[in-house]
Amino acid sequence: MLPSSPSAPIDSSQPHAAGTNVSVMVPAPMPTALTYQVAEGQNVVDGSIVKVPLGKRLVLGTVWGQSHDEVNPKRLKPIEAVVDAPPIREPLRQFIDWVADWTLSAPGMVARMVTRGEELMQRDPPVTAVRRAGDPPERMTPARQKVLDVITGADAYTKPGLADLAGVSTAVIDGLVKTGTLETLQVQREPGRIEPDPDFDPRTLTEGQADAVHALIAEGPKDGSLDVALLEGVTGSGKTEVYFEAIANTLRQGRQALILLPEIALTAALLDRFAERFGAMPGEWHSGITPKTRRQVWRGTAEGKIKVVIGARSALYLPFEDIGLIIIDEEHEAAYKQEEWVSYNARDMAIVRARFEKAQVILASATPSVESRINAKAGRYRHVPLPARYASRPLPSLAAIDLRRTPPERGMWLSPPLVEAVNDTLERGEQSLLFLNRRGYAPLTLCRTCGHRFECVMCSAWLVQHRFTQTLNCHHCGHVEPMPTVCPECGNANTLVPSGPGVERIAEEVATRFPDARTLVLSSDMMGGPKRLKAELEAVAGGEVDIVVGTQLVAKGHNFPGLTLVGVVDADVGFGQGDPRAVERTFQLLTQVTGRAGRAEKPGIGLIQTHMPDHPVLQALLAHDAERFYALEEAARQRAHLPPFVRFVAVIVSGTDAGAVKAHANHLKAIARSPETIDVLGPVDAPLAMLRGRHRQRLLVRGPRGRETQSFVKAWLAKSDRTRGDMRIDVDVDPQSFV
DNA sequence: GCTGTACGAGAG
DNA sequence: TCTCGTACAGCG
């Protein structure tokens with residue numbers, strides 16, 4: 001059936017009369033909105049999406065309010081048309097203004113993230129339908145009778161839909177149209193949406209889960225002030241069930257909810273779980289969905305018809321009619337940081353949007369980021385721990401293997417104790433996971449004769465050798481070249497040797513050491529798309545594999561009931577110096593990976609190969625002592641004069657000439673008067689050296705508290721004569737500094 | 001962001 | 001002299 005519903009006006013603000021001037025955000029990197037005139041017969045309100053002339057073309061813009069700018073009347077142009085779409089509501093407009101201000105980007109470009117492309121706003125095109133129009137045909141047949149039996153009243157049906165219901169082919173329906181019994185008409189198809197039902201299939205919660213649910217929905221601030229809760233529960237503690245109850249609560253209040261996930265690969269499983277709990281599919285939003293779904297979800301959220309969306313970080317810019325809850329799952333994930341164009345951490349931006357929308361935020365993680373943990377401990381966020389493991393799954397027993405005492409044999413990477421443990425596991429018919437967060441065969445290739453090291457021509461990172469594809473790959477910029485047979489430096493053949501291990505090399509060692517074991521490599525660069533990955537994960541879960549060699553891809557998702565041993569091939573990779581976040585990431589990753597071992601009745605074993613078994617962070621990991629880890633990290637940041645929330649602000653200067661970047665660095669240093677407050681670290685190579693054919697360099701500016709550093713950079717930009725399109729600001733903010 | 005235009009280098 | 005590629009200003 002095809003109910004047709006008129007589109008109701010959603011924004012209550014008054015229309016601007018014909019002839020008034022309004023500010024319109026246009027998709028161009030301009031500092032302010034432009035002024036246009038409302039034409040006769042146009043229903044223009046604040047937030048209206050409009051088509052306006054800009055230079056030679058027509059663009060989509062958003063009405064920001066009445067304009068008081070003085071514009072040369074000769075230049076002033078009228079609005080071309082008002083788009084048939086719900087206006088962008090005030091809280092979202094305020095959010096756009098805020099993001100533009102904070103990231104020092106043009107507000108029009110931020111607004112573009114909401115109103116990207118006209119097709120987003122369009123309704124589905126009308127479809128041809130049929131309905132009863134006249135008397136039964138003179139020649140009645142059994143098939144025709146079936147069709148007429150199905151039709152009730154004056155309802156309209158699509159042809160294939162009606163044919164399917166009646167169990168006949170569409171030719172029968174065409175016949176009935178010919179006889180005049182049925183008539184065709186054009187109808188607006190409304191996506192047949194079933195609303196999620198908060199009471200569809202409520203789960204029995206453990207005591208710990210019930211407490212957490214109560215804390216989330218009943219203990220928040222009552223005065224409408226910002227409510228951020230950190231839901232911290234180890235893997236398998238049932239975080240999802242807990243935040244589903246918070247969503248149920250939001251639905252009962254008639255408001256909408258958004259779940260953000262760090263990567264698309266995780267959405268499919270969560271969509272299914274959601275449908276089981278709520279009896280309806282939520283909206284799905286990420287780069288991989290079809291244009292049709294995009295359109296439907298955009299409009300559906302704007303009209304309030306879609307109540308829940310599960311999506312990637314860009315879903316944060318959906319025009320929800322009334323969003324009451326934003327959940328950021330795996331809040332510690334670096335994938336929430338967008339590094340291109342308008343740069344932001346979606347987790348922090350979600351908190352800002354929630355403030356404007358008067359919505360609640362739940363940050364969920366088994367291993368929260370250090371800053372969220374500190375905020376929770378300091379009482380700025382509500383800390384909601386979820387202690388008990390679901391189905392009382394015990395924590396794995398962890399131990400370090402000291403590679404200085406029991407090193408692997410020459411040219412090998414698995415030490416005798418780890419090999420023995422894998423053997424034992426194989427004998428018991430259980431599964432082992434060997435984890436190494438390095439794709440490919442070897443992270444470095446060099447020439448034995450002349451010492452030549454293969455580097456990327458684009459960004460001078462080491463090229464990673466891949467044996468499967470016989471290539472040298474740059475994991476920074478994606479550059480790929482065929483594996484050469486002779487050294488390009490000295491011309492000698494057969495002198496190129498791989499240095500260090502990647503997962504492919506570990507797999508090779510596994511094949512020689514355990515020739516009878518069924519082995520699988522799980523690495524993001526060798527999977528044949530999500531389908532193949534899903535099949536492989538199911539094969540592992542089904543016990544068809546004895547040894548898995550994997551990168552961080554194996555850290556989450558899918559439960560492997562037969563997995564009882566996790567071996568970390570090299571824990572030291574992440575404990576090196578340089579990136580202040582490396583230690584944190586390593587702790588989080590190793591906690592997740594080792595947490596995969598074991599099941600309810602059998603605790604798992606985690607063996608961690610390392611050259612520094614006494615490293616305090618490793619010790620905290622082995623003791624399952626997260627408190628100790630967070631204390632260590634906090635202390636480390638203080639020692640480095642990084643307040644807990646210190647952020648890096650990078651000014652990215654794009655241009656043809658690296659000398660100009662140095663000049664900018666010097667300029668910045670000259671005006672940074674108080675080095676304790678603001679530190680210009682100078683130019684560094686951007687990881688993505690080649691973007692759009694232009695060489696990019698990045699200036700790092702380090703400062704405490706986003707605000708001060710921001711205003712410093714802003715002041716510099718204001719003085720700088722190169723403010724036109726050349727600067728991009730990468731902001732890693734402290735959410736507290738704007739709350 | 002896009003587009004029209006100005007300008008300098010290289011080809012004929 | 002013409003063509004092509006890059007730089008740059010302006011858009012209401």
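Here is how names work: the chains are called A, B, and so on, in the same order as the sequence lines, proteins then strands, and each is numbered from 1. Everything numeric in this text was worked out from a predicted model, so none of it was measured.
- Looking at A:Asn21, its side chain has no donor and acceptor atom pair within 3.5 Å of the base of C:dG12.
- Rounded to a whole Å, the CG atom of A:Leu54 is 13 Å from the C1' atom of C:dA9.
- In terms of the side chain to side chain contact (heavy atoms under 4.5 Å, CB included) criterion, residue partners of A:Thr471 (sequence neighbours excluded) are, by chain and number, A:His466, A:Thr469, A:Asn473, A:Val480.
- Every residue two or more places apart in sequence or in another chain that forms a side chain to side chain contact (heavy atoms under 4.5 Å, CB included) with A:Leu271 is listed here: A:Met281, A:Pro282, A:Glu284, A:Ile310.
- The CE-P distance, from A:Met30 to C:dA9, rounds to 16 Å in whole Å.
- For A:Lys56 and C:dA9, the NZ to P distance is 20 Å, given to the nearest whole Å.
- Checking B:dT3, C:dG12, B:dG1 against every side-chain atom of A:Met109, the shortest atom distance belongs to B:dG1.
- Distance, A:Leu58 CG to C:dC11 C1': 13 Å, rounded to whole Å.
- Here C:dG12 presents its C1' atom at 16 Å from CD of A:Gln66, a figure rounded to the nearest Å.
- Within residues 73-81 of chain A, the residues that have a heavy atom under 4.0 Å from DNA chain C are, in order of number, A:Arg75, A:Leu76, A:Lys77.
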Taking distance alone, no hydrogens or angles, what donor-acceptor pairs closer than 3.5 Å link side-chain atoms of residues 256-264 of chain A to residues at least two apart or in another chain?
from     : atom 1 : to       : atom 2 : distance (Å)
A:Gln256 : OE1    : A:Glu321 : N      : 2.9
A:Gln256 : OE1    : A:Asp322 : N      : 2.7
A:Gln256 : NE2    : A:Thr301 : O      : 3.1
A:Gln256 : NE2    : A:Ile306 : O      : 2.8

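- Following rounding to the nearest Å, A:Leu60 (CG) and C:dC11 (C1') show an atom-to-atom distance of 16 Å.
- Qualifying side chain to side chain contact (heavy atoms under 4.5 Å, CB included) partners for A:Thr290, counting only residues two or more places apart in sequence or in other chains: A:Lys292, A:Thr293.
- As a whole-Å value, the separation of A:Met113 CE from B:dG1 P is 13 Å.
- Residues satisfying the side chain to side chain contact (heavy atoms under 4.5 Å, CB included) criterion with A:Ala33, sequence neighbours excluded, are A:Ser23, A:Met25.
- Residues A:Glu333 and A:Arg347 are not paired through a salt bridge, judged by the lack of any N-O separation under 4.0 Å between the basic side chain and the carboxylate.
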